[in-house]
Amino acid sequence: MKQKEILLNIQHNFDDQDMDDDHVATSFDTPLRGDAFEMHDDEKVKQIESHFTEIMNILGLDLTDDSLKGTPHRVAKMYVKEVFSGLNPANKPKARLFENKYKYDQMLVEKDITFYSHCEHHFVPIYGKAHVAYISSGEVIGLSKINRIVQYYSRRPQVQERLTVQIAKELQNVLKTEHVGVVIDATHMCVASRGVGDTNSKTGTAFFGGKFKEDQAKNEFLNYINSK
């Protein structure tokens with residue numbers, strides 16, 4: 001992705017409009033009801049299975065067929081235990097920090113973190129690469145935890161702008177530093193597989209905090225992630 005393709009300005013206010021095809025978010029907090037986690041996961045699977053069975057029946061599918069009869073349970077389990085598991089704060093990764101003993105004061109970049117999410121407007125996949133950078137304020141984080149944070153926020157119904165900000169804000173909070181940069185380059189199946197049917201376009205979003213707002217650090221980060 002070329003630097004000029006990256007969306008550098010994240011808008012924090014949205015006008016009310018038809019969300020049928022537009023890429024719109026209403027908040028940078030995932031919209032959840034207050035009672036979202038009162039029901040046990042097993043009960044959620046059971047209820048989703050029942051409702052998905054009804055959807056398949058309405059579509060006219062034969063649920064006595066060997067290939068289809070297990071589909072409602074598989075879908076329900078996938079929703080609760082896998083692709084939307086990031087909704088549950090109990091699944092939030094525990095980030096352990098370590099003293100920056102080497103006094104490394106330059107940016108650390110982890111690029112090409114593969115993620116899979118789902119568009120909250122149509123519940124079809126969003127997938128792509130996340131690139132994350134930070135400058136230590138005295139402590140560092142295990143590299144795998146950066147990946148886990150990306151995966152946690154990806155595994156929920158999302159819009160890309162919100163996902164970008166949630167990852168960045170979580171890293172700022174965990175690392176106790178404002179010096180965090182996040183760039184996401186993604187393909188949206190709600191664009192590719194339905195609607196306009198454009199299979200070539202990608203969407204870029206970015207968050208720059210602290211020193212990453214300065215041209216030198218920002219350009220160093222972007223040049224690195226755009227290099228082969």
Side-chain angles (χ1 to χ4, degrees), residues 1-15 17-31 78-79 82-87 107-134 143-144 146-172 180-209 212-213 215 217-228:
M1 183 171 63
K2 304 296 185 183
Q3 290 184 30
K4 66 180 180 181
E5 294 174 333
I6 296 169
L7 178 62
L8 300 182
N9 296 311
I10 305 290
Q11 298 299 319
H12 289 257
N13 296 299
F14 298 95
D15 295 328
Q17 57 182 294
D18 183 2
M19 288 190 182
D20 183 55
D21 289 303
D22 295 324
H23 192 70
V24 180
T26 55
S27 170
F28 284 111
D29 292 321
T30 300
M78 176 184 70
Y79 276 5
E82 297 178 74
V83 299
F84 298 137
S85 61
L87 289 170
M107 71 177 66
L108 182 146
V109 181
E110 188 158 0
K111 65 183 279 188
D112 292 334
I113 302 170
T114 301
F115 74 90
Y116 294 89
S117 189
H118 280 72
C119 163
E120 68 181 35
H121 300 150
H122 297 96
F123 271 46
V124 293
I126 302 169
Y127 62 92
K129 303 288 187 181
H131 316 284
V132 176
Y134 76 91
L143 293 179
S144 67
I146 297 176
N147 297 63
R148 291 183 188 279
I149 288 170
V150 171
Q151 302 304 333
Y152 172 70
Y153 285 103
S154 299
R155 290 173 182 167
R156 55 179 69 183
Q158 278 287 16
V159 293
Q160 188 172 327
E161 296 92 334
R162 179 194 295 135
L163 175 60
T164 306
V165 174
Q166 286 180 334
I167 293 169
K169 292 295 186 182
E170 178 65 15
L171 287 166
Q172 286 181 327
V180 168
V182 176
V183 171
I184 291 180
D185 185 19
T187 297
H188 293 246
M189 293 307 293
C190 56
V191 174
S193 67
R194 56 161 304 281
V196 70
D198 186 341
T199 59
N200 295 315
S201 65
K202 290 188 177 183
T203 300
T205 49
F207 178 101
F208 301 114
F212 286 95
K213 293 180 180 179
D215 287 344
K218 182 189 297 183
N219 290 334
E220 182 181 346
F221 177 33
L222 296 178
N223 288 335
Y224 178 74
I225 67 175
N226 285 312
S227 65
K228 293 183 180 181

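The backbone N or O of Thr203 sits less than 3.5 Å from a side-chain atom of Gln160, completing a donor-acceptor pair. Checked by atom type and distance alone, the side chain of Glu170 never pairs as donor or acceptor with a backbone atom of Val165 at under 3.5 Å.
We find the OH-NZ distance between Tyr127 and Lys202 to be 8.0 Å, quoted to the nearest 0.5 Å. Rounded to the nearest 0.5 angstrom, Arg148 CZ and Ile113 CD1 are separated by 12.5 Å. The distance from atom CD1 of Ile149 to atom OG of Ser154, rounded to the nearest 0.5 Å, is 11.5 Å. In this structure, the separation between NE2 on His121 and CD on Gln158 is 10.5 Å, given to the nearest 0.5 Å. For the atom pair Leu163 CG and Phe115 CZ, the distance stands at 5.5 Å (nearest 0.5 Å).
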Problem - Steps toward salt bridge (Lys or Arg N to Asp or Glu O under 4.0 Å) verdict (Arg162, Glu120) - result: CA-CA 11 Å; Arg162 179 194 295 135; Glu120 68 181 35; 2.6 Å; yes
Practice task
Could you go through the side chain to side chain contact (heavy atoms under 4.5 Å, CB included) check for Thr187 and Ile126 one step at a time?
Solution key: CA-CA 6 Å; Thr187 297; Ile126 302 169; over 6 Å; no
Exercise for the section: Output, in order, the C-alpha distance, side-chain angles, deciding distance and verdict of side chain to side chain contact (heavy atoms under 4.5 Å, CB included) for Val124 and His118. Expected result: CA-CA 5 Å; Val124 293; His118 280 72; 5.7 Å; no
Exercise for the section: I would like to know whether Gln172 and Phe207 meet side chain to side chain contact (heavy atoms under 4.5 Å, CB included); could you show each step before the answer? Expected result: CA-CA 11 Å; Gln172 286 181 327; Phe207 178 101; 3.7 Å; yes
Exercise for the section: Report the C-alpha separation of Ile167 and Ile184 in whole Å, then their side-chain angles, then the decisive distance to 0.1 Å, and conclude whether the side chain to side chain contact (heavy atoms under 4.5 Å, CB included) test is met. Expected result: CA-CA 10 Å; Ile167 293 169; Ile184 291 180; 4.1 Å; yes
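Taking 4.5 Å as the limit, some side-chain heavy atom of Leu108 sits within range of a side-chain heavy atom of Leu143. Residues Val150 and Glu110 are not in side-chain contact: their nearest non-hydrogen atoms beyond the backbone lie 4.5 Å or more apart. The shortest distance between side-chain heavy atoms of Leu87 and Pro157 falls below 4.5 Å. You'll find the side chain of Lys129 reaches within 4.5 Å of the side chain of Thr114, heavy atoms only.
The aromatic rings of Tyr79 and Phe84 are tilted relative to each other, their planes meeting at an angle between 30° and 60°.
Between the side chains of Glu161 and Thr205, no donor-acceptor pair of N or O atoms lies under 3.5 Å. In this model, no donor atom of one side chain and acceptor atom of the other lie less than 3.5 Å apart for Ser85 and Arg155.
Within a 6.0 Å sphere centred on CZ of Phe123, other residues, nucleotides and ligands contribute more than 12 heavy atoms.
What you find for Ala206 and Thr164 is that their closest heavy atoms are C-CG2, 3.8 Å. Contact between Arg156 and Ser117 at its shortest, heavy atoms only, is O-OG, 3.2 Å. Here the closest heavy-atom approach between residue Ile225 and residue His131 is recorded as CG2-CB, 3.7 Å.
Legend: residues meeting ring-ring contact (aromatic ring centres under 6.0 Å, His included) with Phe221, ordered by chain and number and at least two apart, are Phe212. Applying the salt bridge (charged side-chain N to carboxylate O under 4.0 Å, His left out) criterion to Glu220, with sequence neighbours excluded, gives no partner residue.
For the pair Lys213 and Phe208, the cation does not sit on the ring face, since its NZ or CZ is not both under 6.0 Å from the ring centre and inside 45° of the axis. A cation-pi geometry, defined here as NZ or CZ lying under 6.0 Å from the six-membered ring centre and within 45° of its normal, holds between Lys111 and Tyr224.
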